[in-house]
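Given the structure is predicted, the values throughout are model-derived calculations rather than measurements. Protein chains get the first letters and strands the later ones, always in sequence-line order, with residue 1 at the start of each.
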2 protein chains.
Amino acid sequence: MKNSTSFDCPDENMNNSRAADELIRHFVELINTGQLKEGEPLPTERKIVETLGVSRTVVREAILSLANKGLVEARHRYRPVVRKSDFDAAFDTINDVVSRILVEPGSVKYLYDTRVLIESILVRRAATDATKEDILALKQALANNSEAIGDSESFYQTDMAFHSILYQIPQNPVLPAIHRAYTAWLSPRWLLMPSNEEKNQTNFEAHRKIYEAILMRDPDAAEERLCEHLTYAWNQVKDYLNDDQI
Amino acid sequence: MKNSTSFDCPDENMNNSRAADELIRHFVELINTGQLKEGEPLPTERKIVETLGVSRTVVREAILSLANKGLVEARHRYRPVVRKSDFDAAFDTINDVVSRILVEPGSVKYLYDTRVLIESILVRRAATDATKEDILALKQALANNSEAIGDSESFYQTDMAFHSILYQIPQNPVLPAIHRAYTAWLSPRWLLMPSNEEKNQTNFEAHRKIYEAILMRDPDAAEERLCEHLTYAWNQVKDYLNDDQI
DNA sequence: TTGAGTAGTTTGGTCATACTAAAAGACACA
DNA sequence: TGTGTCTTTTAGTATGACCAAACTACTCAA
């Protein structure tokens, strides 16, 4: 009564290596139900072999897949341990595909535009919803940014830090993860661009205007200033990169 | 002068299986530089063995990793072929981590809130930027939605279709990919919820109001209507799911 | 000549075994 | 009790073998 014959079972067996897939499902189940807790190591490969009755090849394939999916962390020569699965981990697992995509002309701009879109709504919400503490955090970030104008390296850091506050305000852990992902994906291109004090000054002024618009509880102005700022930044980068790098 | 001894080279060799990683980098390179084109099959495992001088074990691990990363597509018993790497593919590769995250209480709400955030700015942009064609597409989607009020299955489809128009308007391929991802991740929970004509009617009216606000070129109203709509939808779902399902 | 059926070959999936080097654990010694 | 060394365990790798499915080329009949 089983469909274990060699027929085409389109939705179940066709896709991948059946044996390893079963193992993967097994461990995903264990992890999701909490029978394997975060930080806990998986059984040793040989233990799995004798427990589940499969070959070590299959076990290794399964573990490798789990590692690639980001469910476990497999350090060299260590037992793989169940990984904390947060939204940061999710973005980590697509780094390779994304960097593959970003070599395609035009894709960096597309990604950047979505960042503009997201930060647009974030500054709006900041303008309407920011608490005193949020405003203070922005003010502090702005001060740090101002002090770093002379040093391009730390200016970049404080620049990112200022923007990251915007992602923290809605108290939603997905948003900081998005920001980290954007930073990881876009910064390699950004860092190719030479920097100077004049540009830093301009960018700082832009940050200040955004901050002030938020302070005035004016979402339209905040969004407007942000878009100006990010458009300026994009044009700066565009001029310094070859066409095939954006 | 090489660091190929067995010392700890923290940033290079420590992380993973060195041999397979080198192979992976090799193929990633080939793919990114276009020496392996989209749809083209990788060499056979045995060919790679003799060309690169590594064991088949390592080759298989490397190929498996590439498949997991979404760079190649490895169907059962077929040669793995280089996969089209678009933003949709990127989201596909994190399905497992995300569904792992979504079993965690509260995470569905977090994800849903980011959807609200994104659609908020999308309706604003629709109100300010939508072309005649965009408006027509919305109108058509709305009409389809209206006709489906009596049939909950197709109402859900037309509901999604209406929202998807919003993601298409900025002409940025990242956005439809985001929408598809949201749909894939959230719909399993949504579909648990029983539906009825009355609810469908309410949701349709909400869509109509959003459409009209866009038609009036009123971004504030559009955002307001959208948030009302999505908040209502969330409350509907919340009432029908157990606490540990959201 | 052409098309379908068939036999042989190739290739991915799996298993078993062996070896190496590093990690983990046990143990003796100071 | 703390420390250094030895042994055991284990992940990483290599090799060879086998199976079944996919592919290829050939044969044979219409």
Write down the atom of B/Val108, the atom of B/Leu102, and the distance for their closest heavy-atom approach. CG2-O, 3.8 Å

When all nucleic acid strands are considered with a 4.0 Å heavy-atom cut-off, which category describes [X]: base, sugar-phosphate, or nothing?
X	value
A/Thr44	sugar-phosphate
A/Arg56	base
B/Arg46	base

Rounded to the Å, how far apart are [X] [atom1] and [N] [atom2]?
X	N	atom1	atom2	result
A/Leu64	C/dG13	CG	P	14 Å
A/Arg79	D/dT9	CZ	C1'	10 Å
B/Glu73	C/dG12	CD	C1'	16 Å
A/Ile48	C/dA16	CD1	P	16 Å
A/Glu22	C/dG13	CD	C1'	15 Å
A/Glu45	C/dA23	CD	P	15 Å
B/Leu52	D/dT13	CG	C1'	15 Å
A/Lys47	D/dT9	NZ	P	11 Å

Where the side chain of B/Tyr78 is defined as all heavy atoms beyond and including C-beta, which of C/dT14, D/dT13, D/dA22 is the nearest nucleotide?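 Output: D/dA22.
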
Picking from D/dG12, D/dA22, C/dT14, which would you name as closest to the side chain of B/Arg77?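 Per side-chain heavy atoms of B/Arg77, the pick is D/dA22.
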
Ring centroid separation for B/Trp190 and B/Tyr112, is it under 6.0 angstrom? yes

Taking atom types as modelled, is there a side-chain donor on A/Asn95 or A/Trp185 under 3.5 Å from an acceptor on the other? yes

Hey, are A/Thr158 and A/Asn144 close enough side-chain-wise for a donor-acceptor pair under 3.5 Å?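 A/Asn144 vs A/Thr158: no donor-acceptor pair found between side chains.
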
B/Thr57 (side chain) and D/dA14 (base): donor-acceptor pair under 3.5 Å: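 Yes, a donor-acceptor pair under 3.5 Å.
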
What do you reckon, is OH of A/Tyr167 surrounded by more than 12 foreign heavy atoms closer than 6.0 Å?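 Check passes, neighbour count above 12.
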
Is any side-chain N or O of A/Arg60 closer than 4.0 Å to OP1 or OP2 of D/dG12?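 For D/dG12, OP1 or OP2 has a side-chain N or O of A/Arg60 closer than 4.0 Å.
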
Considering heavy-atom distances to DNA chain C, does A/Val49 or B/Leu42 have its closest nucleotide positioned more toward the 5' end? B/Leu42

